[in-house]
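Notes follow the structure.
Remember, predicted model here, so these are calculated numbers, not experimental data. Counting convention: from 1, in listed order, for ligands and their atoms alike. Heavy-atom basis, side chains included; hydrogens, waters and symmetry copies ignored.
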Amino acid sequence: MTVRVRFAPSPTGMFHVGGARSALQNWIFAKQQGGVFVLRIEDTDAARNRPEWTEGILSALDWIGIARGSYEGPYFQSSYAGEHRAAAQRLYEGGRAYYCDCTREDVQARTGPQQRGYDGFCRDRGLEPGEGRALRFRTPDEGETVVVDLVRGEPTFENKLIEDFVIARGDGSPVFLLANVVDDMSMGITHVIRAEEHLPNTPKQQLLWDALGVKPPVWAHVPVVVNEKRQKLSKRRDKVALEAYRDEGYLADAMRNYLMLLGWAPSGDREIVPWSVIEEEFRLDEVNPSPAFFDEKKLRAFNGDYIRALPVADFVEACRPWLTGTGTIAPPPWQPDEFDPAAFAAVAPLAQTRIAVLSEIVPNVDFLFLADPLIDEAAWAKAMKEGAADLLDAAVVAFEALESWDAESLKATLEAVGAERGLKLGKAQAPVRVAVTGRTVGLPLFESLEVLGRDRTLTRLRAARVRLV
Ligand code: GLU
């Protein structure tokens with residue numbers, strides 16, 4: 001039997017990193033089993049869906065390596081409403097479901113506010129279908145439902161504790177639980193790999209599979225993803241959108257490697273491994289069922305390692321969207337014709353070892369392309385203390401006289417200027433750096449000056465000097 005898995009996101013917001021993790025796990029499992037990955041967009045909640053969210057999911061999947069055209073689908077759940085209704089009808093006709101006209105208030109009046117769930121009042125009333133009547137599944141009174149779960153063993157649920165749950169609303173529309181099962185069934189899904197949040201739905205869904213006469217899939221409920229306070233990652237509180245990480249300059253390779261470490265690790269005490277190793281070694285039954293901590297700091301450090309490992313030419317290429325402002329990435333502060341690829345190539349290796357996300361390239365190199373540096377006023381106040389004017393004057397004179405404009409000579413020169421004033425190099429550098437780059441931190445100063453060139457360096461030193469008068 002061919003393994004068929006599916007990833008079934010609802011397009012109700014940005015694409016959640018936890019979803020991306022589940023998608024990758026499905027993807028790898030399918031690949032290992034020689035199976036098929038199906039993408040199904042669960043778009044039945046018309047009030048919350050937006051087409052741009054669907055497009056966001058497709059492009060984010062593409063970015064992490066689940067390329068359009070290399071999977072089956074996307075299918076859209078809303079196209080199968082007829083099948084969902086037919087299944088509800090079949091369950092009704094087979095006596096597995098019944099109509100119910102109880103309101104929530106009716107149920108609570110009978111059971112008291114404490115008791116949760118439906119009390120089965122309409123089970124044997126034999127109500128006909130009708131406006132405002134919900135269809136409820138008649139759960140078995142006895143026995144248990146054993147869920148075979150690759151991550152969690154065999155969670156077992158007593159049937160008598162499962163309420164007669166709604167499968168179609170009063171307006172006749174089937175609910176998520178049923179639509180999801182019917183689609184999995186008609187798409188021939190053999191393994192359902194999804195987030196732990198859905199585990200409580202699973203015994204109900206498995207009962208539906210049984211009632212519809214089809215062998216249920218094997219389940220795998222992968223751990224919920226939490227923040228440092230052990231709270232479930234939420235879009236209101238945490239940075240959860242895969243697109244946000246992409247636009248900030250996380251590398252797809254780093255991101256997908258990190259996502260696969262949520263609840264699992266490759267062999268040999270390693271974390272950074274080639275994707276091919278993950279594809280080979282990943283096992284669903286090795287996934288730790290406890291909540292997985294999404295550690296943004298660690299991801300950042302991870303990304304820095306991936307950036308440093310790139311060949312310089314690839315790094316230069318990878319920076320391009322931030323240097324030009326492409327798609328959803330904000331444009332840089334310089335004009336396109338101010339950008340100088342040769343100057344960028346000259347400093348790229350210096351920047352590569354210093355940034356953790358690609359968007360940080362912009363503040364590191366903007367001084368090279370802008371006519372005037374963007375002065376950070378706090379940096380200015382810090383660097384331009386007493387003696388700064390005198391030091392800048394002396395630096396201008398000494399730099400003007402330099403025969404060769406190279407990093408080494410520039411360094412020796414400023415060192416000497418500083419020494420004459422009893423200043424160590426670090427202290428002597430500060431006013432020069434702020435005058436030329438606008439900041440107190442950045443790429444190595446003398447290499448930066450070499451690339452910036454004599455004229456522009458002297459112009460900026462003089463401009464700073466004027467401001468100090
Ligand atoms: N559409 C559901 C969700 O986004 C997924 C349900 C499932 O994977 O079974 O949470």
query: Is the CD atom of Glu142 crowded by more than 12 outside heavy atoms at less than 6.0 Å?
result: no
message: So that I know where these two stand, are Tyr71 and Phe7 an aromatic pair - ring centroids less than 6.0 Å apart?
response: no
field: Atom indices of ligand 1, in the order listed, that fall short of 4.0 Å to a heavy atom of Arg194
entry: 7 (C), 8 (O), 9 (O)
query: So, do Tyr258 and Phe294 have ring centers that fall under 6.0 Å from each other?
result: yes
message: Quick check: do Leu368 and Val347 have side-chain heavy atoms less than 4.5 Å from each other?
response: yes
message: Under 6.0 Å from the ring centre and within 45 degrees of the ring axis: does the NZ or CZ of Arg136 meet both conditions for the six-membered ring of Tyr118?
response: yes
- prompt: Can you tell me if CZ on Arg270 sees more than 12 non-hydrogen neighbours from other groups inside 6.0 Å?
  reply: yes
message: Donor-acceptor check, side chain of Thr190 to backbone of Arg4, threshold 3.5 angstrom: yes or no?
response: yes
- request: Answer with side chain, backbone, both or neither: which part of Phe176 has a heavy atom less than 4.0 angstrom from an atom of ligand 1?
  value: side chain
task: Distance to 0.1 Å, residue and atom name: give those for the protein heavy atom nearest to atom 5 (C) of ligand 1.
output: Ala8 O, 3.2 Å
message: Please list, in number order, the atoms of ligand 1 under 4.0 Å from a heavy atom of Ser10.
response: 1 (N), 2 (C), 3 (C), 4 (O)
query: Numbering the atoms of ligand 1 from 1, which are under 4.0 Å from a heavy atom of Asn180?
result: 6 (C), 7 (C), 9 (O)
task: Run down the list His16, Arg40, Glu42 and name the one with the heavy atom closest to atom 1 (N) of ligand 1.
output: Glu42
- prompt: Which protein non-hydrogen atom lies closest to atom 10 (O) of ligand 1, naming both residue and atom, and how far is it?
  reply: His198 NE2, 2.8 Å
- prompt: Is the closest heavy-atom distance from Val192 to ligand 1 below 4.0 Å?
  reply: no
query: Which residue supplies the protein heavy atom nearest to atom 9 (O) of ligand 1, what is that atom called, and how far is it?
result: Arg6 NH2, 2.6 Å
